[in-house]
Amino acid sequence: MSENELADELRTMRVAYELGSLEESGLAATWHEQLARWLAEATSVGLPEPNAMVLATADGHGRPAARTVLCKGLDERGVVFYTNYTSAKSRDLLATGLAAATFPWFGMQRQVHVRGPVTKVDPAETAAYWATRPRGSQLGAWASPQSETVTSRQELDARLAEVDRRFASQEEIPPPPHWGGWRIEPQVVEFWQGRLNRMHDRLAYVRDYGDWRIRRLAP
Ligand SMILES: Cc1cc2nc3c(=O)[nH]c(=O)nc-3n(C[C@H](O)[C@H](O)[C@H](O)COP(=O)(O)O)c2cc1C
């Protein structure tokens, strides 16, 4: 396909959203029960990586960046993901203390957006999650200086081999000190269901001095 053909194609690509609707009366009592319900539905219909969310951060100058991470915890305290604490995203989070994340469930014509302050997950909780990770992922977390420039693929492979040797005699690998969880403690959680004619349903749980209220937002 040529670039011109693609440009034509892009202009005409659109989907009529008619899989569902979202009513105030159908919402769970709390944002986390509602998010758990939609995550369970996204999982049961077989969406790929239903716990993947696009995490947005900004650096100290307000320069934004976004990337995908996996949601590994959800309860009334917030939404948890794990990463390298020296990565670009963690530097942003340390600078601003704020994040936003969006679950893009296109197959269900849904998205959920959360945003609010972030806190580091307590080391005991990080260690409990770390223990459930496959050994290969654990070695990768030790080996990769996430977000740094590396000279080559060979350098990365050599780092992995070195870490593999270092821990060869240890059945259990400890979590690296530079690795752990972040918890987004949402002030806003918006549930979006696509509707016909771009008249989508948007219902947001908004925290207002400790109380949660539901607001309907225009699409
Ligand atoms: C589906 C998917 C899931 C991912 N999950 C994570 C994750 O849970 N934690 C993480 O650090 N990176 C994850 N990544 C990689 C990140 O998107 C990103 O490349 C990496 O964290 C470096 O980001 P940064 O340089 O902005 O800090 C995932 C990528 C994809 C595509």
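Numbers here simply count residues along the sequence, with the first being 1. Below, each value reflects all heavy atoms present in this structure, side chains not excepted, and no hydrogens, waters or symmetry copies. Order of listing sets the numbers, starting from 1, for every ligand and every atom in it.
- At a cut-off of 3.5 Å, with distance as the only test, no side-chain donor of Asn4 or Ser2 sits close to an acceptor on the other residue.
- When only non-hydrogen protein atoms are considered, atom 21 (O) of ligand 1 lies nearest to Lys89 NZ, 2.6 Å.
- There is a side-chain donor-acceptor pair under 3.5 Å between His113 and Arg115.
- The protein reaches atom 26 (O) of ligand 1 closely, with a heavy atom under 4.0 angstrom from it.
- Between the side chains of Gln138 and Arg133, not a single donor N or O lies within less than 3.5 Å of an accepting N or O.
- Residue Gln146 has at least one nitrogen or oxygen atom sitting less than 3.5 Å from a nitrogen or oxygen atom of ligand 1, judged on distance alone.
- Thr30 and Glu33 form a side-chain donor-acceptor contact under 3.5 Å, judged by distance and modelled atom types alone.
- The atoms of ligand 1 that sit less than 4.0 Å from any heavy atom of Thr83 are 10 (C), 11 (O).
- Of the polar atoms of Val69, none of the N or O atoms is found under 3.5 Å from an N or O of ligand 1, judged by distance alone.
- Residue contact check: Arg67 has heavy atoms under 4.0 Å from atoms 16 (C), 17 (O), 18 (C), 23 (O), 24 (P), 26 (O) of ligand 1.
- Checked by atom type, the side-chain pair Trp182/Ser90 shows a donor-acceptor distance below 3.5 Å.
- Of all the atoms in ligand 1, the ones that sit under 4.0 Å from a non-hydrogen atom of Glu49 are 1 (C).
- Neither the backbone nor the side chain of Lys72 comes within 4.0 Å of ligand 1, counting heavy atoms alone.
- No side-chain N or O of Thr86 forms a donor-acceptor pair with one of Gln146 less than 3.5 Å apart.
- Under the 3.5 Å distance criterion, with hydrogens and angles disregarded, no donor-acceptor pair is assigned to the side chains of Arg91 and Thr57.
- Residue Tyr82 touches ligand 1 through its backbone alone, judged by heavy-atom distances below 4.0 Å.
- For atom 15 (C) of ligand 1, the nearest protein heavy atom (residue, atom name, distance) is Thr68 O, 3.7 Å.
- Of the protein's non-hydrogen atoms, Leu70 N, 3.0 Å is the one closest to atom 8 (O) of ligand 1.
- The side-chain tip of Lys72 does not point at the ring of Tyr129 from less than 6.0 angstrom away and within 45° of straight on.
- Every atom of ligand 1 is numbered from 1 in the order shown, and the set under 4.0 Å from a heavy atom of Ser147 is 24 (P), 25 (O), 27 (O).
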